[in-house]
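Proteins get letters first, then strands, A, B, ... in listed order; numbering begins at 1 in each.
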Number of protein chains: 2
Amino acid sequence: MLYAGFMSTAPPSSPTPQEPVDHPELLQLGTTLEGDEPCLRADAARNRARLLEAAGRLVAERGAEAVTMEAVAAEACVGKGTVFRRFGDRTGLLTALLDHSEKKFQAAFLGGPPPLGPGAPPVERLRAFGCAMLRRSTDDLDLQLAAEPGANRRFVAPARRVLRHHIEMLLRQAVPDADCDLLSHALMGQLDPALIHHLSRQCGIPLARLEAAWVDLVDRVTGAGATCR
Amino acid sequence: MLYAGFMSTAPPSSPTPQEPVDHPELLQLGTTLEGDEPCLRADAARNRARLLEAAGRLVAERGAEAVTMEAVAAEACVGKGTVFRRFGDRTGLLTALLDHSEKKFQAAFLGGPPPLGPGAPPVERLRAFGCAMLRRSTDDLDLQLAAEPGANRRFVAPARRVLRHHIEMLLRQAVPDADCDLLSHALMGQLDPALIHHLSRQCGIPLARLEAAWVDLVDRVTGAGATCR
DNA sequence: ATGAGATCCGGACCGAGGTCCGTTTAACGT
DNA sequence: ACGTTAAACGGACCTCGGTCCGGATCTCAT
């Protein structure tokens, strides 16, 4: 249990009361954000609760896409500015809504019983982890999608389809007995432009290492490379 | 070369002149979209060219994020409605801008010389494909990012970081000699909520198959399962 | 050439996310 | 109690993506 302090998704920390941050995406990068609620003022805490409750009501009654910042503000009898100050942006609000189930899940794989929690061999824990995530996704999936703008379109873009089909075709030749349709998505994920940007420009990982990682991934997936691993 | 007709990314096809489509994301799902320019009217073609040129100018001069629909319209001396009718939405416009290099790339891996094109063994082609994509991304990466709303934030969301760190830790135990940092991204990709949504709800793939694919992926990546593949 | 009709154009309009700043109010020391 | 101050509030305001429809324009058959 190494990083027990990193757990919280950052609803109350993005627009932290310390300094008026103008670029919320920059700070939640390195901050440790330990205490969940950094001692909000009484009215602030009250409004925060009101807002979350109002947002939850809206989701329940009219679906995730009805969660408009103005609608939430109105439902909570609060000014629009308050919503943004507290949650930063729409994604922040939705993320805060997801926070509860998120934490429960984190607790399960960080400290719960095996095979999800510690105690089982790592490969078994990996298997369990993925299956747990898959099952969890069936619950609050629309909320998670709504929290990520443009999530629907990502996998229907024609260009992407061509690339994935190509990978799938090659996979079918290399490992005919596998579920190449689904396997190809894993490979595609490693080539996602957003990921490449994040790794190469934000993390400073050199191209050579990315290429090496790709080749290694291909070898592992297809069973090439070492004859026996 | 199975699907030579699928190649074009769909700039002129989304708001095709045939029928006034109100939901552009729905149609480019099953359509075959063969002819690139379905015989636009003269003025329409002229404006389309103008708009692409204007958008290109804006990207070159002021970066991808300056490509506002209104700005493009103004730069091209054209009404805003025209931009939307032609390209559907902002993503469509940016995609159309990327179309040229996209097609070049597609031609390279569909019909070019090995190892990228046909002729080499599939595993080798896969390796080459990934490396080519990685290199290609360094060129028009900002454009590709701009074409996908919210692409920057996707990998800095705190919740995601925790999940990925967990995978990475388990991977480190299972395959200590691998580049677990990067490998974990591939596994994370397979659990992306947007992907799950696409596969399970849009493609109708049952949960059991997704779970099986995940377990298989873990086994392949970690070298578990069969002792020798 | 010309008229009919489909197609396209343009910009007013709308909704929603996000910002700003003058005003209000909770917290705390005296 | 009361004054001070930092923080929170609220809603007007801005920008931008996306829609709509009356009017201009192109195409084609005659």
Side-chain angles (χ1 to χ4, degrees), chain A residues 12 14-25 37-51 54-55 58 62 64-95 146-150 153, chain B residues 12 14-25 37-51 54-55 58 62 64-95 146-150 153:
Chain A
S14 277
T16 180
Q18 317 289 25
E19 17 187 7
V21 188
D22 280 337
H23 300 284
E25 73 273 17
E37 323 245 335
C39 53
L40 246 36
R41 225 172 71 173
D43 51 352
R46 175 178 49 87
N47 280 344
R48 187 182 133 83
R50 265 194 203 167
L51 284 168
L58 281 179
R62 290 161 45 197
E65 75 179 72
V67 181
T68 285
M69 297 307 256
E70 277 184 274
V72 173
E75 180 85 10
C77 300
V78 141
K80 193 175 164 183
T82 303
V83 192
F84 282 94
R85 190 173 337 95
R86 195 55 53 207
F87 298 102
D89 57 7
R90 196 179 120 100
T91 294
L93 173 60
L94 275 326
T95 301
E148 197 180 333
R153 319 168 87 92
Chain B
S14 276
T16 180
Q18 318 288 27
E19 17 188 7
V21 189
D22 279 339
H23 299 285
E25 73 273 18
E37 324 247 335
C39 55
L40 246 34
R41 224 173 72 172
D43 51 351
R46 174 178 50 87
N47 281 344
R48 187 183 133 84
R50 264 193 203 169
L51 284 168
L58 281 179
R62 292 161 43 196
E65 75 179 71
V67 181
T68 284
M69 298 305 258
E70 278 184 275
V72 173
E75 179 85 11
C77 301
V78 141
K80 192 176 164 183
T82 304
V83 193
F84 282 95
R85 191 173 336 93
R86 196 53 54 204
F87 298 102
D89 57 6
R90 198 179 118 100
T91 294
L93 173 60
L94 275 325
T95 301
E148 198 180 329
R153 319 168 88 93

Nearest-Å distance for atom pair [atom1]/[atom2], residues [X] and [N]:
X       : N      : atom1 : atom2 : value
B/Leu51 : C/dC8  : CG    : P     : 14 Å
B/Leu58 : D/dC16 : CG    : P     : 12 Å
B/Arg50 : C/dC8  : CZ    : P     : 16 Å
A/Glu70 : D/dC13 : CD    : P     : 14 Å
A/Arg90 : D/dT15 : CZ    : P     : 23 Å
A/Asp89 : C/dG18 : CG    : P     : 5 Å
B/Arg48 : C/dG10 : CZ    : P     : 16 Å
B/Phe87 : D/dG18 : CZ    : P     : 14 Å

Options D/dG17, C/dT19, C/dG10, nucleotide nearest the side-chain atoms of A/Phe84
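So the side chain of A/Phe84 is nearest to C/dT19.
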
Taking the side chain of A/Arg86 as heavy atoms from C-beta outward, which of D/dC9, C/dG18, C/dC9 is closest to it?
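Nearest nucleotide to the side chain: D/dC9.
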
For B/Thr95 and B/Thr91, indicate whether the former's side chain and the latter's backbone hold a donor-acceptor pair under 3.5 Å.
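Checking the backbone N and O of B/Thr91 against the side chain of B/Thr95, a donor-acceptor pair under 3.5 Å is found.
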
A/Arg90 side chain to A/Val67 main-chain N or O, any donor-acceptor pair under 3.5 Å?
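Yes: the side chain of A/Arg90 pairs with the backbone of A/Val67.
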
Contacts under 3.5 Å, N or O only, protein and nucleotides 26-30 of chain C:
| unit_1 | atom_1 | unit_2 | atom_2 | d |
| --- | --- | --- | --- | --- |
| C/dA27 | OP1 | A/Ala42 | N | 2.9 |

I'd like to know if A/Asp89 pairs up with B/Arg153 as an ion pair, taking the criterion as any Lys NZ or Arg NE/NH1/NH2 lying under 4.0 Å from an Asp or Glu carboxylate oxygen.
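Answer for the salt bridge query: yes.
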
Which atoms form the tightest heavy-atom contact between [X] and [Y], and what is the distance?
X        : Y        : result
B/Pro149 : A/Gly150 : CG-CA, 4.0 Å
B/Leu51  : B/Ala76  : CD2-CB, 3.6 Å
A/Ala66  : A/Ala71  : O-CB, 4.0 Å

Does a side-chain N or O of B/Arg85 approach OP1 or OP2 of C/dC8 to a distance below 4.0 Å, or not?
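Checking B/Arg85 against C/dC8: no side-chain N or O falls below 4.0 Å of OP1 or OP2.
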
Between D/dC9 and A/Asn47, is there an OP1 or OP2 to side-chain N/O distance shorter than 4.0 Å?
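Indeed, a polar side-chain atom of A/Asn47 lies that close.
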
Could you measure the distance from the CZ atom of B/Arg46 to the CG atom of B/Leu40? Nearest 0.5 Å is fine.
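It comes to 11.5 Å.
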
Gap between atom OG1 of B/Thr68 and atom CD of B/Glu75 - 0.5 Å precision:
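Spacing of CD (B/Glu75) from OG1 (B/Thr68) equals 12.0 Å.
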
Strand-adjacent residues in residues 72-82 of chain A, judged by heavy atoms under 4.0 Å from DNA chain D:
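Residues of residues 72-82 of chain A under 4.0 Å from DNA chain D: A/Val78, A/Gly79, A/Lys80, A/Gly81, A/Thr82.
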
Heavy-atom count check: over 12 atoms from other residues, nucleotides or ligands less than 6.0 Å from B/Arg62 CZ?
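Count not over threshold, so no.
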
